[in-house]
Trainee: 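Submitted below is the structure of interest, expressed as structure tokens.
Every number for a ligand or one of its atoms is a count from 1 in the order of the listing. Residue numbers start at 1 and run along the sequence shown.
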Amino acid sequence: MHDVVIRNGLVAAGSGPIRCDVAVAGGRIVALGENIPDGERVIDATGLLVLPGGVDSHCHIEEPAPDGSRSEESFITASTTAFVGGTTTVVSFIPQWKGHGVWERFVDYRARAATGMLDHAFHQIITDPTDAVMQEEVPRIVAEGVRSLKVFLTYDPLHLTDAQYIRVLETARKLGCLVTVHCENYEAIQWRTQRLLAAGRTAPQYHAWSRPPVVEREATQRAIALAELVDQPIQVFHVSCEEAAAEIAAAKARGLKVWGETCPQYVTLTAADMARPDGALFMCSPPPRGGDEHAKIWEMIRRGTLDVITSDHCAFSTSAKTGQDFSTIPNGIPGLAARLPLIFSEGVSKGRISLEQFCALVATNPAKLMGLYPRKGVIAPGSDADIVLWDPKKQVRLTNTMMQHAVDNTPYEGMEVTGWPVATLRRGEVVMQDGVVLAQPGSGQYLARSAYDLVLPRGVTADGFGA
Ligand code: DUC
Ligand code: ZN
Ligand code: ZN
């Protein structure tokens, strides 16, 4: 007897939408077909889409800082807001503090994540690639299932020099990890920021002035060039503008293993939002650009230059974002719950992308790039039964309360969307029904990742060196 049978829905299976039943047993999808016998629980999905649970491979959750503080979303509140928005799996970030190692942080962070309800994997941030870290500790955490290293080319005190970045690329190549990169030029932003502050231009809107597209384009070009030098696959995070996306397109055209990510904020928010009285609530990096950039980003999504859409969820309360000059306001916005509704509405409901493209962008491709596929990101026999029942017609006006996250603001307040998750199943368990989260804290599983082909080096460098 099956645990759950979902009937009468339009199922977004790997090969495209089909009308069929979905049978679940032991937390996995066991069959797609017609007239599957009743299970212990039968869910009627008439009028609904049956979609793979969202995989959000870029979320900042409960990241501890050296001073003992940590980002405001806990793994429990992150799980709640994720399930509300139809996301069932996240990849979040283990910090490294300069002057410290990574093993202790991995152990601590793994215990924190175990308190939540989401299935979860980790990126390891590298800010200080010393011999001990790269030769001893990173191999240890890779053996524990961490298969992606995250680096920043900007931010004090996170950014790496080119030499340090090359070292991370080289280590990742040896260990079989993906390298994910925040691409903005640190020195250029410093220069612009000092000029703006000296001129008394301190308001949130000057955040965008301090880091224009050329700053992102230059760092993206450099990140790709050095990855090509080392022959190491990379993913460029949160692409905000066509200029940076064009660098990725050129790299792909040359056959390099370079993937691009964008986020809902880059197709829904603009730099003008930061000029509002509550402008700080729209501040993230890279910043939202001019309104005409949205169509260009959609085009880069359609062409396959940008492979995944994540939230870059990084939640701060209004008080934490108020009262400072733009250079000290923490960067980041919450988006775990809003990601799928915004992309479905702006993408599928408005005819910019198909339902298959939507599922690929928010679930299948992030799962593939993170080495979680086919366990996650697809509705297919053998995969985990992470499923969202989606009402494609429901119109919703987004409010902060609806997001059910830990903070008192959402940059998407008041936006209208068409399409909304009605229920979320994680490994076959209904963890959200009509906005009510039902999962028990501590029920999320750690996803240890093993070596995966997608991030194997190509085995060629421009001149054969080291290949
Ligand atoms: N940008 C980042 O790089 N990280 C967190 C939030 C943000 O806006
Ligand atoms: Zn970033
Ligand atoms: Zn981020």
Side-chain angles (χ1 to χ4, degrees), residues 56-65 69-73 78 90-96 109 121-127 148-160 165 168 178-186 189 193 204 207-208 210-211 215-216 219-220 223 234-241 244 248 259-271 273-274 279-289 306 308-317 320-321 324 326-336 338-339 366 369-370 405-407 409-412:
D56 196 337
S57 52
H58 186 159
C59 295
H60 300 269
I61 302 170
E62 210 169 325
E63 254 175 66
S69 66
R70 59 196 158 99
S71 51
E72 294 182 47
E73 205 74 78
V90 291
V91 187
S92 61
F93 298 88
I94 311 166
Q96 184 198 8
Y109 198 68
F122 306 135
H123 307 285
Q124 175 65 59
I125 294 174
I126 302 291
T127 62
S148 42
L149 306 179
K150 159 77 185 287
V151 299
F152 294 87
L153 301 186
T154 192
Y155 284 139
D156 257 332
L158 305 174
H159 72 283
L160 300 187
Y165 172 51
V168 173
L178 181 67
V179 174
T180 64
V181 194
H182 179 126
C183 295
E184 290 183 292
N185 181 308
Y186 171 75
I189 295 169
T193 300
H207 174 67
S210 73
R211 44 217 311 152
V215 161
E216 184 181 343
T220 304
I234 62 167
Q235 184 179 5
V236 178
F237 268 171
H238 44 47
V239 175
S240 75
C241 58
I248 297 169
W259 295 280
E261 171 203 83
T262 192
C263 312
Q265 48 269 40
Y266 303 118
V267 289
T268 56
L269 306 179
T270 70
D273 289 318
M274 285 178 282
L281 303 183
F282 300 86
M283 274 179 62
C284 54
S285 285
R289 309 293 183 184
L306 301 173
V308 300
I309 304 182
T310 67
S311 66
D312 196 5
H313 182 90
C314 188
F316 295 99
S317 54
K321 290 200 115 190
Q324 307 100 297
F326 75 82
S327 72
T328 55
I329 291 173
N331 282 199
I333 55 177
L336 250 170
R339 178 179 71 119
L369 281 166
M370 291 302 133
H405 50 211
V407 296
N409 64 84
T410 169
Y412 307 113

Trainee: According to ring-ring contact (aromatic ring centres under 6.0 Å, His included), who are the partners of Tyr186, at least two apart in sequence or on a separate chain?
Mentor: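 Result, ring-ring contact (aromatic ring centres under 6.0 Å, His included) vs Tyr186: His159.
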
Trainee: What distance separates Asp312 CG from Thr262 OG1, expressed to the nearest 0.5 Å?
Mentor: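 One finds 10.0 Å between CG of Asp312 and OG1 of Thr262.
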
Trainee: Do you know which two heavy atoms are closest between Leu336 and Ala78, and how far apart they sit?
Mentor: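 The pair with the smallest heavy-atom distance is CD1-O, 3.8 Å.
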
Trainee: Can you list the residues that meet the side-chain contact (heavy atoms from CB on, under 4.5 Å) rule with Ala223, with sequence neighbours excluded?
Mentor: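 Once residues adjacent in sequence are excluded, the partners of Ala223 under the side-chain contact (heavy atoms from CB on, under 4.5 Å) criterion are Leu153, Tyr165, Val181, Cys183, Ile234.
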
Trainee: In Å, rounded to the nearest 0.5 Å, how long is the span from CD1 of Ile329 to CZ of Phe316?
Mentor: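 If I round to the nearest 0.5 Å, the distance is 11.5 Å.
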
Trainee: For the residue pair His238 and Glu184, establish whether any side-chain heavy-atom pair is separated by less than 4.5 Å.
Mentor: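 No, too far: nothing below the 4.5 Å cut-off.
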
Trainee: Check for me whether Lys150 meets the cation-pi criterion with Phe93, that is, NZ or CZ under 6.0 Å from the six-membered ring centre and within 45 degrees of the ring axis.
Mentor: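 Checked: cation-pi criterion met.
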
Trainee: List-wise, which protein N, O or S atoms are found short of 2.8 Å from the Zn ion (ligand 3)?
Mentor: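 Sorted hits: His58 NE2, His60 NE2, Asp312 OD1.
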
Trainee: For Gln265 and Ser311, which heavy atoms make the closest approach, and how far apart are they?
Mentor: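 Closest approach of Gln265 to Ser311, heavy atoms only: NE2-O, 3.4 Å.
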
Trainee: Just to be sure I understand the cut-off, which residues have at least one non-hydrogen atom under 4.0 angstrom from an atom of ligand 1?
Mentor: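 Residues near ligand 1: His60, Tyr155, His182, His238, Cys284, Ser285, Asp312, Cys314, Asn331, Gly332.
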
Trainee: Using every non-hydrogen atom in the two residues, find where Ala244 and Val239 come nearest and quote the distance to one decimal.
Mentor: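 Where Ala244 meets Val239 most closely, the heavy atoms are CB-CG1, 4.1 Å.
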
